[in-house]
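In each ligand, atom 1 is the first atom listed, and ligand 1 is the first ligand listed.
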Amino acid sequence: MTHPDLAQLVAQPGQLRAALAAADAATLMLVLVQLTGDPSWLERAAPHIAGPMSYHETMPEALREEIRTALFDVLMDYARNPRPLPPVPNGQLLIDMLSTAAGEVVGEDYIAMMREDLEPAAIDPRGLVWRKRPDPAVLAAFHVVIIGAGMSGLCAAIRLQQAGIAFTIIEKNTTVSGTWFENSYPGCGVDTPNHFYSYSFEPNHDWSHFYAKRDELWQYFEGVADKHDLRRRTHFGAEVTTCTFDDASQLWTVTARRSDGSEYDLQANAIMSAVGILNRPKLPDFPGRDSFAGTALHTAQWDPGFDWRGKRIAMIGTGASGHQVGPTIAPDVASLTIFQRSPHWVVPNPNYFGAVADGKKWALANIPFYARWYRFQLFWGFADGLHSALKVDPEWENSARSINQKNDRHRIFMERHIRNELGADSPLLPKVIPDYPPYGKRILIDNDWYKMLKRPNVDLVTDRIAAITPEGIVTTDGTLTSVDAIIYATGFQASKMLWPMTIKGRRGVSLHDVWKPDDATAYLGTLVPEFPNFFILLGPNTGLAHGGNAIFMVECQVRYIMNCLREVIENGQHSIDVRAPVHDAFVQEVDRLHDGLVWTHKGLTNWYRNPAGRVFAVLPYRLVDYWRMTSAFDPSEYRFA
Ligand code: NAP
């Protein structure tokens, strides 16, 4: 393959030099190895790379300069003498590159996934690749309804459109983007780095920051929807209430309610539910909650007209949302009283507030393979590289504080950060250092949380809330905190998946009865027996709590679903239904794995478990495992009709 933009470098040597200076040396070195096939660069760089992030790399400046000079020469040579780029590395060379990129040993099981990522295939294998392309009339007659135009619904729509399959999106909001449209609380943003948290097929080399805030994320998804012209196939302002399968016709009837209350039906051969699990806010049932006389608002239902400046504010909840709201509003409020039920583990990240330099943006867009290697490094640092810290070591002593050696190292690192921020003698330390192992609740990035706690106008209350009165919040010790507004950063009703929709499969059986209703299970987090052609995006056990990237999960799921649809359509079938034993064996394995992971640790509470204690929300596997499971399709696991 020839890189389309390399020829332009002849006219832009200055820009290339500037980009090489701004880009990450370790990532550039990987590009250099790929272009030259010379592994000696790996040997020289490896001793200076302790992890995948720029701040884990301590290469001497002389070596960096050598890498930049060598890569400059190689790229200029390609620019002057256009020729195909070398094939994607394989075998030991690729393993060595991956291991050097990650700063630790990466196994052979990453080769296939990484080769797919590096291969600039003419047809993206992550979409539907027809074996024998069906007649256009057959495709046009097969109609899919996608519920939701958020991140996962858009991904599904793009893949269906590429495959030529007809679809309609039904979206309750007035525009696309789902969670990034709905959540507009102060400080709202992503805590997974953007160059990883974006579609693999729609990279954005222009992110202004490594961690974008809500508006920029929202605009990214708006832009993707426009680029693929998805709005014309979307019913906005309509909410799906019921989906009913008809055994005789093998069709679904989807009932949606418009904002004016009127209802309409659509027929569908298949349904892709893309509603996510974090969209129904949870408001704890405190006695007297509704008697409060001031403003009360949930982070996910923020009132853009609410002005917090100069007001006395109470905030309940210290999860991912609370950690973003608190430090953002604290400088401008009269007082901020934070009601914390349990503290979270928080990791510092030097890039969290950082802007992406222009040179780096240029490198991402123009230097071949740079963006892909950079993405792999983020994949490792924010997902699979952390997975071993989640596994309970049965021999590990002092299991109250950590669960294995790596987990303990992470604890020491985070505890040190808290002490550095607050001071070794701070009376806040016992309140903010968690008494459970790291990763037991969702790990957070420090958004200046501890700096905020040191402000004179901020108070951290750990006494339990007894009641809410017209004036404010009363804790169990009888103290009343009078406030002007209460912010509920109390999370979502995650365990009632797909609620409040009614989904009726074969013989009218309701999905919520099958799930009873908060024990959701699905094969690969996607398919439930007796619910033919009903596919759940971000379904049970596909969430990620240690890091990771929900977009990666969705792309894996959509690829798998497209293979299901291909099997149905190419073979002239009507529906596909996962066999119950296949589903049951998967769930058993998921439960068995969770028994050995941090989320089932004794005494821990988190939103990943249902009231019976079963982990229904998060994935026990590494992302590479989920990629492998969803990139192959075995028809013997299904019944076709
Ligand atoms: P959350 O993580 O569920 O946190 C809810 C908070 O409210 C917790 O501190 C919880 O305390 C507290 N709480 C709940 N019920 C309470 C009660 N009855 N009394 C006192 N405190 C109560 O919710 P979230 O912060 O909205 O985050 C939810 C998920 O959204 C995250 O896990 C993440 O997946 C996603 N998110 C991501 C980002 C991002 O940066 N990418 C930002 C926001 C949200 P306990 O811990 O004791 O239960």
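Listed by number with element, the atoms of ligand 1 under 4.0 Å from a non-hydrogen atom of Phe286 are 17 (C), 18 (N), 19 (N). Counting the atoms of ligand 1 from 1 in the order shown, those under 4.0 Å from a heavy atom of Gly317 are 6 (C), 7 (O), 9 (O), 12 (C). Atoms of ligand 1 lying under 4.0 Å from any heavy atom of Tyr185, numbered from 1 in the order shown and given with element: 42 (C), 43 (C). Taking a cut-off of under 4.0 Å to the non-hydrogen atoms of Gly189, the atoms of ligand 1 that pass are 39 (C), 40 (O), 41 (N). For ligand 1, the atoms lying closer than 4.0 Å to a non-hydrogen atom of Leu278 are 29 (C), 30 (O), 34 (O), 35 (C). Atoms of ligand 1 lying under 4.0 Å from at least one heavy atom of Thr318, given by number and element, are 6 (C), 8 (C), 9 (O). Within the listing of ligand 1, atoms 15 (N), 16 (C), 17 (C), 18 (N) sit less than 4.0 angstrom from a heavy atom of Pro284. The Ser342 neighbourhood of ligand 1 comprises atoms 45 (P), 46 (O), 47 (O), with distances under 4.0 Å to a heavy atom of that residue.
When heavy-atom distances to ligand 1 are checked against a 4.0 Å cut-off, Arg464 has no atom that comes that close, whether in backbone or side chain. The part of Phe492 lying near ligand 1 is the side chain, judged by heavy-atom distances below 4.0 Å. Within the 4.0 Å heavy-atom criterion, neither part of Tyr211 lies near ligand 1. With a 4.0 Å cut-off on non-hydrogen atoms, Gln340 does not touch ligand 1 at all. At a heavy-atom distance under 4.0 Å, no atom of Ala300 approaches ligand 1. When non-hydrogen atoms are compared, ligand 1 lies under 4.0 Å from neither the backbone nor the side chain of His323. Within the 4.0 Å heavy-atom criterion, both parts of Ala320, backbone and side chain, lie near ligand 1.
A salt bridge does not link Arg559 to Glu555: none of the charged side-chain nitrogens sits closer than 4.0 Å to a carboxylate oxygen. Under the 4.0 Å criterion applied to side-chain N and carboxylate O atoms, Lys451 and Asp446 are not assigned as salt-bridge partners. Ionic pairing of Glu216 and Lys213 is not present here: no N-O contact between side-chain nitrogen and carboxylate oxygen is shorter than 4.0 angstrom. Under the 4.0 Å criterion applied to side-chain N and carboxylate O atoms, Lys454 and Asp448 are not assigned as salt-bridge partners.
Using modelled atom types, one finds a donor on one side chain and an acceptor on the other under 3.5 Å when comparing Asn610 with Asp519. Of the N and O atoms on the side chains of Thr490 and Lys282, not one donor lies less than 3.5 Å from an acceptor on the other residue.
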List the atom pairs, donor and acceptor, that lie under 3.5 Å between side-chain atoms in residues 541-553 and the rest of the protein, sequence neighbours left out.
residue : atom : partner : partner atom : Å
Asn541  : OD1  : Arg614  : NH2          : 3.3
Asn541  : ND2  : Val615  : O            : 3.0
Asn541  : ND2  : Val618  : O            : 2.9
Thr542  : OG1  : Gly539  : N            : 3.3
Thr542  : OG1  : Gly539  : O            : 2.6
Asn549  : OD1  : Ile551  : N            : 2.8
Asn549  : ND2  : Phe196  : O            : 2.8

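Among all heavy-atom pairs drawn from Val432 and Pro343, the shortest one is O-CB, 3.4 Å. Nearest heavy atoms, Leu364 versus Ala371: O-CB, 3.6 Å.
Results of the ring pair (Phe, Tyr, Trp, His ring centres under 6.0 Å) test with Tyr220 over Tyr197, Trp207, Trp180 single out Trp207 as the only residue that passes.
Looking from atom 4 (O) of ligand 1 to the surrounding protein, the closest heavy atom is Gly319 CA, 3.7 Å. Nearest protein heavy-atom contact of atom 34 (O) of ligand 1 is Arg442 NE, 3.2 Å. Residue, atom and distance of the protein heavy atom nearest to atom 23 (O) of ligand 1 are Gly491 CA, 3.1 Å. Summary of contacts: the protein heavy atom closest to atom 46 (O) of ligand 1 is Lys441 NZ, 2.8 Å.
With Ser321, Gly543, Ala545 as candidates, the residue nearest to atom 27 (O) of ligand 1 on a non-hydrogen basis is Ser321. When Arg341, Arg214, His344 are ranked by how near their heavy atoms come to atom 48 (O) of ligand 1, first place goes to Arg341.
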**OP:** Begin from the C-alpha positions of His387 and Tyr621 and carry the test ring pair (Phe, Tyr, Trp, His ring centres under 6.0 Å) through to its verdict.
**Re:** CA-CA 8 Å; His387 194 266; Tyr621 300 99; 8.4 Å; no
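Every pair tested for salt bridge (Lys or Arg N to Asp or Glu O under 4.0 Å) that includes a residue from residues 332-354 fails, sequence neighbours excluded, so the list is empty.
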